[in-house]
Amino acid sequence: MLAVWVEQLLGFASGALKAIRQDERYPTLMAWARDEGPALVGGDLSLAQALAPELWSQTPLARLDFAAEPLARPGPNEPCWCDSGRKTKHCCGAVRLPGHVPPHLMWMLSLRDWKGDTLKAALASGRAPAQALLEAGLIAAESGQRGRAQQILESLFERADWLNLPEQAEPAFEILIDLYQERGFHRKREALLDAVLDRGPLFLRGVALERLCLMHLDNDDLDSAREAFVRAQQALPDSPTLAYIEAMLLLHEGHEQEAAERSRFWFRRLARQGDLDPDQLQFLADLAENPGATLADQLLSAEEDLAEPLVALQALLESLPVAPRLEIRRGDDDNLEYHTTAREDTLFAAWQKVFRARVESDAPMGFDEDPWQHAGEWLPALCAHPEWLDAPAVVQSLALALASRFGSLPWMAASLFEPLSSRLERWLEQVRAEGEGAFLWDSADNALLLRTGLALVVGMERGARARSRELAERLLTLDDQDSLGLRELVLDQLLREGRDRAALDVSERELDGDEEAPPLGLLMGRVLALYRLERRDEAAEALAVVIRHNPHAVAMLCADNPRPVGGGVDSVAEPGSRAEAWQYRTLMRDQWRATPGALDWLRVRLAE
C-alpha cells in the first residue's frame with residue numbers, strides 16, 4: 001500500500017509542479033488539481049484537492065527568490081483552503097492522506113527540473129533543504145548527469161550545517177569526490193576533504209580519511225598516507241575505519257605480519273566497546289586472521305558485475321597447468337630470440353576477439369583503449385578457454401590489464417600476479433637454458449616476454465616485494481641493456497628490505513656506466529645506502545652529485561607539505577625538473593623518514 005502511495009505522490013507532485021511553473025499562482029494549481037489531479041490519485045477528487053495546498057506551501061517560487069508562499073492552515077469551521085467554499089471540517093479537513101508527504105519534496109523535484117541560470121540562482125539562494133540537495137544530487141549522478149550532480153552536491157557541502165547532515169550524505173560525499181577525480185578538479189577535491197576532516201560529522205570524517213589514504217596509496221605516496229593515518233588516529237581514536245586503513249597501509253609498506261597483529265589489536269579493542277554491528281565485527285575478525293585475503297575479498301565484492309568473473313579468474317590461475325615450451329632460437333648475431341608459433345598465434349587471435357584492446361608496441365605498458373570496458377566479455381571467455389594462457393601474447397595482455405587495475409594493491413599479488421609470474425619464470429628458464437646470449441627487446445618477439453615481466457614486477461611490487469625484485473633481477477640477466485628501467489626498481493626494493501650494501505652495489509654498477517643523465521632514483525638511492533652504512537663523507541659527496549643533477553630534489557624531500565607537481569608517478573619527468581623531484585619524494589620519502597636522522601642530515605647539508 002505504501003509503495004502505491006509513493007508512486008501516486010510522485011506523479012501528482014510532478015504534475016502539480018508543472019502547473020505551478022506556468023505562472024506561480026495558487027489558483028492555477030487548484031484549477032489543475034480539480035481538472036487533472038484526480039486521475040493521478042486513483043480518481044479521488046477530494047484527495048487531489050487536499051494534497052494540492054500541502055504541496056503549494058512547500059514549493060520554492062522564483063518570483064520570491066525561491067522562498068515558498070505557505071498558506072495559513074484554516075481552522076475546522078473556517079473556509080477550506082482549496083477554495084471549495086465549504087468549511088474545512090466538511091472538506092479537506094475530513095480527508096486523511098494515505099501516507100507521509102516529505103517536507104522537501106517540491107524542492108527536490110524543482111532541483112531535478114531546473115536548468116542553467118535558474119538552477120544556479122536557486123542554489124545560490126541558500127534556501128534548498130539539505131535533504132532535497134542530497135536526493136536531487138544522487139538522482140542526477142545515477143542518471144549520468146555529472147555536471148548537474150556536481151553542481152547540486154557542491155551546494156550541499158558548501159552550505160552544510162555539518163553537525164546536522166543526514167547520514168545519507170556519505171554516498172553523496174563519495175560521489176562528489178569521484179566526480180572531482182574524474183573531471184580533474186583536484187583542488188576542489190582536496191578542499192572538500194579538508195573541510196570534512198576539520199568540521200564534518202564523525203561518519204563523514206571516517207570516509208574522508210579512507211579516501212585520503214587511498215588517494216596517497218594509489219599514488220604510491222606512503223609517507224603522505226602514513227601522515228593521514230596518524231592524523232586520523234588523533235581525531236578518531238575509536239573509529240573502526242582506522243582498522244581497515246592501518247591494515248591497508250601496513251600491507252603497502254610490506255609489513256604483513258604487523259598488519260595481522262594490529263588487526264587483532266583493533267578487533268579486541270572495538271569488540272570490548274560493543275558498539276559495532278555483527279557484520280563489522282566479523283569483518284574485523286577476518287581482517288585479524290588474514291588481512292591480505294580479507295581485503296582482496298572485499299575488493300572483489302565491490303567490483304559489482306565483475307566480482308564473479310574475477311573470483312573465477314583467481315580459481316583458474318590457482319590451478320593452471322605447467323606452461324608449455326616456447327620456440328627459442330639463436331639469431332644471426334648469436335643473441336637469443338623468442339618466436340611465436342602458429343598455435344600461439346591462433347590462441348591469441350581467439351582471445352583478441354573478446355579482449356579488443358591492443359598493446360601499444362612503442363610503450364613499455366599501455367593499451368590503445370581501456371580493456372576493462374569489455375571485461376564482462378573477456379573474463380568469462382578466458383575462464384572458459386584456459387588454453388589461451390599457453391600463448392605469451394595472451395599472458396602479456398592479461399598481466400598488463402591486471403596491473404592497470406590492481407597493481408597498486410598489495411593484497412591482490414598472491415591471487416593474480418604470482419601465478420602468472422610462475423608461468424613467465426618457466427618461460428624465462430627456457431630462454432636461459434639455451435645458453436649465454438643477450439635477450440634484446442627489439443629482437444623477434446622478445447618484447448612479449450619482457451613487457452609481461454615488467455607488468456608482473458609492478459603488480460607484485462607492494463604485495464610480494466622479494467619475488468618482484470627476484471623477477472626484475474632475472475629479467476636484467478637476460479636484458480642487460482635494461483630496456484625496462486628495472487635497475488632503479490631493484491635498488492628501491494633492496495633499500496626497503498634493508499639490504500643496503502647490495503643496494504649500493506647496484507647503484508654503483510649503474511652509475512659507473514656512460515649514461516649522461518642517470519635516474520634521480522639511482523643517485524638518491526646511492527646517497528641513502530651510504531648514509532645507512534655510516535659512510536657519511538662519501539654520502540655527502542654523492543649528495544653533491546644529486547644537487548648538480550637536480551637542485552630541487554633535496555628541498556622537495558625535506559619539505560613537510562610541498563605542493564604536488566604535475567603528472568603523477570607514472571609519467572616521465574624531465575631530468576633535473578621539479579616533477580622528477582616530486583616523483584622521487586612520492587616513492588621513497590617513507591624510507592628516508594624511517595631511517596633515523598636521515599632527513600635531519602639532509603636539512604643540514606641543504607643549509608650549508
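Heavy atoms only: backbone and side chains are in, while hydrogens, waters and symmetry mates are out.
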Heavy-atom count check: over 12 atoms from other residues, nucleotides or ligands less than 6.0 Å from Asp537 CG? no
Could Arg536 and Tyr531 be counted as a cation-pi pair, given that NZ or CZ must be under 6.0 Å from the ring centre and within 45° of the axis? yes
Any cation-pi pair here, Arg405 with Trp372, using under 6.0 Å and within 45°?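 Yes, Arg405 and Trp372 form such a contact.
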We want to know whether [X] and [Y] form a side-chain donor-acceptor pair, criterion being a heavy-atom distance below 3.5 angstrom.
X	Y	answer
Glu473	Thr477	no
Ser422	Arg467	yes
Gln430	Tyr338	no
Glu261	His255	no

Next on the checklist: Are His252 and Trp411, when compared by the centres of their aromatic rings, separated by less than 6.0 Å?
Outcome noted: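 Yes, they do, as the ring centres are separated by less than 6.0 Å.
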> Hey, do the aromatic rings of Phe367 and Phe355 have their centres closer than 6.0 Å?
Replying inline: yes
Tell me whether [X] is salt-bridged to [Y], with the criterion being a basic N under 4.0 Å from an acidic carboxylate O.
X	Y	result
Glu461	Arg469	no
Glu369	Arg356	no
Arg589	Asp560	yes
Glu174	Arg211	yes
Glu227	Arg593	yes
Glu337	Arg329	no
Asp500	Arg535	no
Glu253	Arg462	no

Output side-chain donor-acceptor pairs under 3.5 Å for residues 306-317, partner residues at least two apart or in another chain, one line each.
{"from": "Gln314", "atom 1": "NE2", "to": "Ser415", "atom 2": "OG", "distance (Å)": "2.7"}

- Of all heavy-atom pairs between Glu387 and Leu347, which one has the smallest distance, and what is that distance?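 Of all heavy-atom pairs spanning Glu387 and Leu347, the closest is O-CD1, 3.4 Å.
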Next on the checklist: With a 4.5 Å cut-off on side-chain heavy atoms, are Arg183 and Gln150 touching?
Outcome noted: yes
Margin query: A side-chain contact here means heavy atoms from C-beta on lying under 4.5 Å apart; do Pro392 and Leu326 qualify?
Written below: yes
- Determine, step by step, whether Glu190 and Tyr180 satisfy the side chain to side chain donor-acceptor pair (under 3.5 Å) criterion, reporting the C-alpha distance in whole Å, the side-chain angles of both residues, the deciding distance to 0.1 Å, and the verdict. CA-CA 9 Å; Glu190 291 166 9; Tyr180 285 153; over 6 Å; no
Practice task
Applying side chain to side chain donor-acceptor pair (under 3.5 Å), run through Asn335 and Ser443 and close with a yes or a no.
Solution key: CA-CA 8 Å; Asn335 289 335; Ser443 296; 4.9 Å; no
